[in-house]
Amino acid sequence: MKISIQKHINSEFFRFLLTGLSNTLVTYLAYLLLLPFLPYLYAYTLAYCIAVLNSYFMNIFFVFRKNVSLQSFLKFPFIYVMQYFLGASILWLLVGKLGLSPAWAMVVVIIVTVPITFLSSRIVLKK
């Protein structure tokens with residue numbers, strides 16, 4: 001039993017989930033810190049850029065234990081371009097059209113986009 005638990009803790013999947021969780025927290029905190037100074041979509045955009053950089057380095061060093069390269073650095077953001085536009089669209093719909101508060105709308109964005117990003121990242125990074 002102990003070996004099985006240790007095996008899961010050391011797995012790439014577990015490290016990926018841990019990275020995703022911490023990166024989601026970084027994104028949300030950056031968004032909340034920027035929100036008083038910027039319109040919600042600008043705050044989201046800047047927080048998102050911070051998150052992509054954070055995610056790249058965490059995935060390289062912690063999850064997949066690879067070396068940093070210009071090629072991987074340039075490829076990695078494509079996963080997040082899709083997530084960004086999906087998230088921004090949901091945010092615009094919830095805040096701009098339905099009147100939900102920007103802070104709560106961001107929670108919905110995270111719930112919807114995280115599973116999609118996980119699946120996309122796994123496909124791209126495992127190739």
Side-chain angles (χ1 to χ4, degrees):
M1 177 76 165
K2 186 177 179 181
I3 294 172
S4 178
I5 293 170
Q6 187 66 29
K7 182 180 177 183
H8 290 305
I9 290 173
N10 289 327
S11 73
E12 283 181 353
F13 178 72
F14 181 78
R15 292 191 310 263
F16 189 89
L17 290 178
L18 211 60
T19 296
L21 181 62
S22 65
N23 198 51
T24 299
L25 183 61
V26 166
T27 305
Y28 190 60
L29 290 175
Y31 175 75
L32 291 179
L33 289 171
L34 293 167
L35 201 51
F37 306 103
L38 299 170
Y40 66 90
L41 283 177
Y42 292 154
Y44 177 70
T45 302
L46 191 52
Y48 199 85
C49 290
I50 291 166
V52 170
L53 286 173
N54 182 59
S55 181
Y56 173 76
F57 287 108
M58 288 183 73
N59 276 294
I60 286 293
F61 293 123
F62 179 65
V63 177
F64 298 105
R65 298 178 177 158
K66 302 255 182 190
N67 293 323
V68 174
S69 73
L70 182 59
Q71 183 179 17
S72 68
F73 183 76
L74 294 176
K75 284 182 180 179
F76 189 77
F78 288 112
I79 297 166
Y80 290 93
V81 169
M82 175 191 65
Q83 183 192 30
Y84 171 80
F85 285 111
L86 177 60
S89 298
I90 294 168
L91 199 59
W92 171 80
L93 175 68
L94 294 175
V95 175
K97 296 297 181 187
L98 299 179
L100 193 63
S101 80
W104 283 110
M106 186 62 179
V107 172
V108 174
V109 168
I110 291 167
I111 290 168
V112 171
T113 60
V114 164
I116 293 168
T117 303
F118 169 74
L119 293 172
S120 301
S121 296
R122 186 153 206 254
I123 290 167
V124 169
L125 295 175
K126 292 297 286 182
K127 280 188 176 185

Exercise. Does one hydrophobic cluster hold both Leu91 and Ile116, with members joined at side-chain heavy-atom distances below 4.5 Å?
Worked result: yes
Problem set entry | Heavy-atom check, side chain of Phe37 versus side chain of Tyr42, under 4.5 Å | no
For this session: For Tyr40 and Met106, indicate whether the former's side chain and the latter's backbone hold a donor-acceptor pair under 3.5 Å.
Result: no
For this session: Decide yes or no for Tyr44 and Leu38: does some side-chain heavy atom of the first lie under 4.5 Å from some side-chain heavy atom of the second?
Result: no
Problem set entry | Tyr48 side chain to Tyr80 backbone, donor-acceptor under 3.5 Å | yes
Problem set entry | Shared hydrophobic cluster, Phe78 / Met82 (ILVMFWY, side-chain heavy atoms < 4.5 Å) | no
For this session: Taking Tyr31 for its side chain and Ala103 for its backbone only, find out whether a donor-acceptor pair lies under 3.5 Å.
Result: no
For this session: Nearest 0.5 Å please: distance from the CD1 atom of Ile111 over to the OG1 atom of Thr24.
Result: 10.5 Å
For this session: Give, for atom CG of Leu86 and atom CD1 of Ile90, the distance between the pair rounded to the nearest 0.5 Å.
Result: 4.0 Å
For this session: On the 0 to 90° scale, with breaks at 30° and 60°, tag the Phe57-Phe73 ring pair as parallel, tilted or perpendicular.
Result: tilted
Problem set entry | Single-linkage hydrophobic cluster Leu100~Val107, side-chain heavy atoms < 4.5 angstrom | yes
Exercise. Looking at Leu35 and Pro102, what are the two nearest heavy atoms and their distance?
Worked result: CD2-CB, 4.1 Å
Exercise. So, Tyr84 versus Thr113: side-chain donor-acceptor pair below 3.5 Å or not?
Worked result: no
Exercise. Under a 4.5 Å side-chain heavy-atom rule over Ile, Leu, Val, Met, Phe, Trp and Tyr, are Leu93 and Val108 clustered together?
Worked result: yes
Problem set entry | Rounded distance [0.5 Å steps], CZ in Arg15 versus CE in Met58 | 11.5 Å
Exercise. Once you round to the nearest 0.5 Å, how far does CG of Asn54 lie from SG of Cys49?
Worked result: 12.5 Å
Problem set entry | In one Ile/Leu/Val/Met/Phe/Trp/Tyr side-chain cluster, 4.5 Å: Leu34, Val52 | no
Problem set entry | Gap between atom CZ of Phe76 and atom CG of Leu74 - 0.5 Å precision | 12.5 Å
Exercise. Distance from Thr27 atom OG1 to Ile50 atom CD1, nearest 0.5 Å?
Worked result: 8.5 Å
Exercise. Can you tell me if Asn23 and Thr19 form a side-chain donor-acceptor pair at under 3.5 Å?
Worked result: no
